[in-house]
Amino acid sequence: MTRQLYTIIMAAVAMLLCSACHKEESQQKGDVFIQFEEQSHRLAIVDSDEWFEIPISVSRAMEHDRTIGVEVIATESSAIEGRHFEVESHTLTIKGGAKGTALRIRGIAEAFDHNSAKSIVLRLVVDEDNIADSESIETEVILQHCCPFDIESFEGYAVLTSTWCMQYMNSDSRLVHTHVKEGNIVVIEDMLYEGYDIRVKLNSDDRLNPTAKLCGTQVLASTGDAFGTIYGDGKLLVTEAADYASSSADLSSYVSFYSLCERFMMLYTVMYVEGVGEVGMFGNIIEWVSDDEAERIMREGL
């Protein structure tokens, strides 16, 4: 082998080794990922004083502090910064040894209509050349307006529209009166038949998905009142549809709920007679009205 050929071969080998070293170094530098932990968030905006945290994570802890930016993609957002929401800081620091940080954001409740929603698209801005981007550098945040919980909103007169009324009472709706009890319980007085109050408990733990639930199985009426004759023990029972093991359908998805902003409740119920059988599932919408509207209904009817 000539010296010239030897020199050329060794140079080629050196270049390959150098390339491999750069590739390995690039892989080592590029194996840190900074990203939003979730690609979507929905925040319940009740007042303007509550701050929420949007988590940002790294794939592995870094030795030194790293600074990242967060920008709002205005062209893809329906919420306007400064009007509908505020970001505490667009510059965040991930401390050395930490596994992440969080962006703090708050909604400006006064800028929202009742029960309305606005969206924000956020993007991470990473300048350090030894931190790789990932597919999760963007996230969408939905700001959902929610009214503050007030059990007193469910006291007074309401219009009850029920598929039971349509099928068994020759009407669509009726005016009812309600009162509230300790423990966030709403009592619907004489809900469908005189002398039979029905109790419903409200749960506001999940502000985005508040639920209502009958306080156990209750007597809705006598079978004589409902059907004009006695069946079984003479009691027409009502229970929560989602809890009832129906022989004809899976009712577990029929979860009763309510809306504070719109002052209504949707109850999914099953009526049955013990030892005789199921009458069916019935939907009941209760919409609260003002005293003036209640007086008008009393005079003019529904």
Side-chain angles (χ1 to χ4, degrees), residues 29-150 153 203-211 257-264:
K29 289 182 177 181
D31 64 0
V32 177
F33 291 87
I34 298 180
Q35 60 189 17
F36 287 108
E37 289 189 5
E38 302 289 341
Q39 291 184 299
S40 64
H41 304 263
R42 184 174 288 270
L43 309 180
I45 308 302
V46 174
D47 58 55
S48 301
D49 297 325
E50 185 174 10
W51 287 87
F52 300 89
E53 293 190 346
I54 308 298
I56 298 167
S57 64
V58 293
S59 58
R60 64 176 175 81
M62 297 171 286
E63 294 180 0
H64 307 291
D65 293 358
R66 299 294 182 185
T67 300
I68 62 172
V70 180
E71 63 177 340
V72 176
I73 311 301
T75 56
E76 300 178 25
S77 306
S78 61
I80 301 172
E81 187 171 6
R83 178 180 177 185
H84 299 109
F85 70 97
E86 179 182 340
V87 174
E88 186 176 58
S89 176
H90 285 276
T91 302
L92 303 174
T93 298
I94 301 176
K95 297 291 187 180
K99 291 289 290 183
T101 185
L103 175 74
R104 283 169 52 84
I105 189 171
R106 71 180 182 95
I108 302 173
E110 297 78 11
F112 289 79
D113 295 329
H114 279 344
N115 224 26
S116 63
K118 297 285 184 181
S119 66
I120 311 166
V121 176
L122 302 170
R123 178 182 297 155
L124 296 177
V125 180
V126 182
D127 294 328
E128 288 81 355
D129 59 6
N130 66 330
I131 298 178
D133 287 348
S134 75
E135 294 180 354
S136 300
I137 61 171
E138 288 191 4
T139 190
E140 182 181 34
V141 180
I142 305 297
L143 305 177
Q144 175 71 56
H145 178 268
C146 298
C147 292
F149 183 78
D150 180 9
S153 297
N203 187 325
S204 62
D205 291 345
D206 184 347
R207 293 183 297 191
L208 292 170
N209 298 288
T211 58
F257 62 94
Y258 67 92
S259 170
L260 277 162
C261 294
E262 297 166 317
R263 292 187 72 205
F264 83 88

Worksheet item: Going by heavy atoms in the side chains, are Gln35 and Ser57 under 4.5 Å from each other?
Response: yes

Worksheet entry | For Val121 against Ser77, the heavy-atom pair lying closest together | N-OG, 2.9 Å

Worksheet, complete the sentence: CD1 (Ile54) and CG (Leu92) are apart, to the nearest 0.5 Å, by 11.5 Å

Response to the item:
CZ (Arg60) and CZ (Phe33) are apart, to the nearest 0.5 Å, by 10.5 Å

Fill in: Cystine candidate Cys261-Cys147, SG separation under 2.5 Å
yes

Worksheet item: Can you tell me how far OG1 of Thr139 sits from CG of Leu124, rounded to the nearest 0.5 angstrom?
Response: 9.0 Å

Worksheet entry | Pairs satisfying salt bridge (Lys or Arg N to Asp or Glu O under 4.0 Å), at least one member in residues 33-53, at least two apart | Glu50-Arg207

Item to complete: To the nearest 0.5 Å, tell me how far Gln144 CD sits from Asn115 CG.
Response: 5.5 Å

Practice prompt. Under the salt bridge (charged side-chain N to carboxylate O under 4.0 Å, His left out) rule, collect the residues that match up with Lys95, sequence neighbours excluded.
Written response: Asp65

Fill in: Contact check, side chains of Val70 and Val87, non-hydrogen atoms, under 4.5 Å
no

Item to complete: Any chance you could measure Ile45, atom CD1, to Ile105, atom CD1, to the nearest 0.5 Å?
Response: 8.0 Å

Worksheet item: Tell me, do Ile68 and Ile56 make a side-chain contact under 4.5 Å, heavy atoms counted?
Response: yes

Worksheet item: Heavy atoms, side chains only, cut-off 4.5 Å: are Ile73 and Leu122 in contact?
Response: no

Worksheet entry | Residue pair Gly100 / Val58: nearest heavy atoms and the distance that separates them | N-CG2, 4.1 Å

Worksheet item: Is there a donor-acceptor pair under 3.5 Å between the side chain of Ser204 and the backbone N or O of Pro210?
Response: no

Discussion item. Tell me whether Ser136 contacts the main-chain N or O of Phe36 through its side chain, where contact means a donor paired with an acceptor under 3.5 Å.
Written reply: no

Response to the item:
Contacts satisfying ring pair (Phe, Tyr, Trp, His ring centres under 6.0 Å) that involve residues 78-101 (not counting sequence neighbours) are His84-Phe112

Response to the item:
Of all heavy-atom pairs linking Cys146 and Ala44, the shortest is SG-CB, 3.8 Å

Item to complete: Can you see which heavy atom on Thr91 is nearest to which on Thr67, and at what distance?
Response: CG2-CG2, 3.4 Å

Worksheet item: Got a sec, which residues hit side chain to side chain donor-acceptor pair (under 3.5 Å) with His114, two or more places apart in sequence or on another chain?
Response: none

Discussion item. Contact between Leu260 and Pro148 at the side-chain level, heavy atoms closer than 4.5 Å - yes or no?
Written reply: no

Worksheet item: Stepwise, does the side chain to side chain contact (heavy atoms under 4.5 Å, CB included) test hold for Val126 with Ile137?
Response: CA-CA 9 Å; Val126 182; Ile137 61 171; 5.8 Å; no

Response to the item:
Shortest non-hydrogen pair, Ser89 vs Leu103, comes out as O-CD1, 3.3 Å

Worksheet item: Would the number of heavy atoms belonging to other residues, nucleotides or ligands and lying under 6.0 Å from CZ of Arg83 be above 12?
Response: no

Worksheet, complete the sentence: Residue pairs meeting salt bridge (Lys or Arg N to Asp or Glu O under 4.0 Å), one or both in residues 106-126, sequence neighbours left out, come to Glu71-Arg123, Glu86-Arg106, Arg123-Glu138

Fill in: Where at least one partner belongs to residues 37-71, residue pairs that pass ring pair (Phe, Tyr, Trp, His ring centres under 6.0 Å), sequence neighbours excluded
none

